[in-house]
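Remarks on the structure that follows.
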Amino acid sequence: MPSQCVSRTVPSAIGATGAGAVEIADLLPHLRGVVVERVECTADGLVISARWQPVRAACPGCGAWSSRVHSGYVRRLHDSPAGGRPVLIRLGMRRFLCTNLACRAVTFAGQADGLTSRYQRRSVPLARLLSQLALELAGRAGARLAGALGITIHRSTLLRLVMALPDPGSSAAPEVIGVDDFALRRGHVYGTILVDATTGQAVDVLPGREAAPLAHWLAAHPGAR
C-alpha cells in the first residue's frame with residue numbers, strides 16, 4: 001500500500017453540496033440499501049462502515065416474515081477494489097426471531113439485497129466478478145488476473161465459485177464444444193470444463209475427468225456436432 005495513505009474519515013457525500021453532490025451509493029450502487037456512516041482510508045485499504053437495519057425480514061428456512069429483532073452483529077465483507085485498493089465493508093446487521101413455531105430455525109440473519117448472501121464473506125458484486133473470471137479463465141489465469149486487479153484469491157477458490165453457480169438449464173449443446181480437464185487438487189480431485197468453441201463462453205463444469213459424465217451430459221444436451 002502507498003505509504004502516504006493514512007487513516008482518516010471522509011463524509012459519505014463527495015463533492016459540492018446541493019444538486020452537484022455525489023453520494024457513495026451513486027458510485028457503489030450495491031450500497032444503496034444501507035446507511036453508510038463513514039469511509040476510512042487506512043494503510044490496508046478502504047474501510048466502509050455501514051448499517052442495514054430493516055424493520056422485518058423473511059426467514060430463509062420457511063419464508064415467514066418476522067419483525068421481532070433478536071440481536072445485532074457486525075459482518076465483515078470484502079468488496080471489489082477501489083482505485084486498486086482493497087475494500088472492506090463493516091456492515092451492522094440484525095438477527096430476527098422466526099415467528100413460525102414449526103420452523104427449525106429459531107433465529108435468522110436478514111440479507112441486504114444485492115450486497116450480502118448467506119455464509120459469504122464477499123459482497124455479491126465481488127463474488128459475481130470472481131465467478132466470471134473463473135468461468136472465462138479457469139483457476140490459475142483467473143487468480144493471476146484477480147491479483148492484478150488487487151484481489152487476492154487462490155485458484156481453487158475460484159473453481160469452487162464456478163461449481164457453486166446455478167445450473168443455467170440449457171436444453172441444447174453448442175454445435176462445437178471444447179472439452180478440457182483441470183485439477184482442483186492435483187492427483188486427487190479433477191473437473192472437466194465444457195466451452196462453446198464458437199463464442200468462447202464456458203457452458204458447464206463436470207465433476208471428475210472421466211468419459212462417463214461427459215457422455216451423460218451430451219445425451220442430456222443433444223446438438224453437439
To check you understand the geometry: which heavy-atom pair defines the closest contact between [X] and [Y], and what is its length?
X: C62; Y: C98; answer: SG-SG, 3.7 Å
X: H188; Y: Y190; answer: N-CE1, 4.0 Å
X: L46; Y: A82; answer: CD1-CB, 3.8 Å
X: W217; Y: D204; answer: NE1-OD2, 2.9 Å
X: T192; Y: G208; answer: OG1-O, 2.7 Å
X: A138; Y: L158; answer: O-CD1, 4.3 Å

How long is the gap from [atom1] on [X] to [atom2] on [Y], to the nearest 0.5 Å?
X: D181; Y: L184; atom1: CG; atom2: CG; answer: 11.0 Å
X: R186; Y: S156; atom1: CZ; atom2: OG; answer: 10.0 Å
X: R95; Y: T107; atom1: CZ; atom2: OG1; answer: 4.5 Å
X: H70; Y: R94; atom1: NE2; atom2: CZ; answer: 14.0 Å
X: H78; Y: T152; atom1: NE2; atom2: OG1; answer: 9.5 Å

inquiry  = One pair to check against side chain to side chain contact (heavy atoms under 4.5 Å, CB included): C103 and C59. What are the steps and the verdict?
reply    = CA-CA 9 Å; C103 181; C59 174; 3.8 Å; yes
request  = Measure from the side-chain N and O atoms of S49 to the backbone N and O of R90, and report whether any donor-acceptor pair falls under 3.5 Å.
outcome  =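 No; judged by distance alone, with no hydrogens or angles, the pair does not exist.
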ask   = Only one of I48, L31, L115 forms a side-chain contact (heavy atoms from CB on, under 4.5 Å) with L91, so which one is it?
value =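 That would be L115; it is the only one of I48, L31, L115 passing the side-chain contact (heavy atoms from CB on, under 4.5 Å) with L91.
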task = Check the pair Q201, V195 against side chain to side chain contact (heavy atoms under 4.5 Å, CB included), reporting the backbone distance first and the verdict last.
result = CA-CA 6 Å; Q201 297 293 318; V195 178; 6.0 Å; no
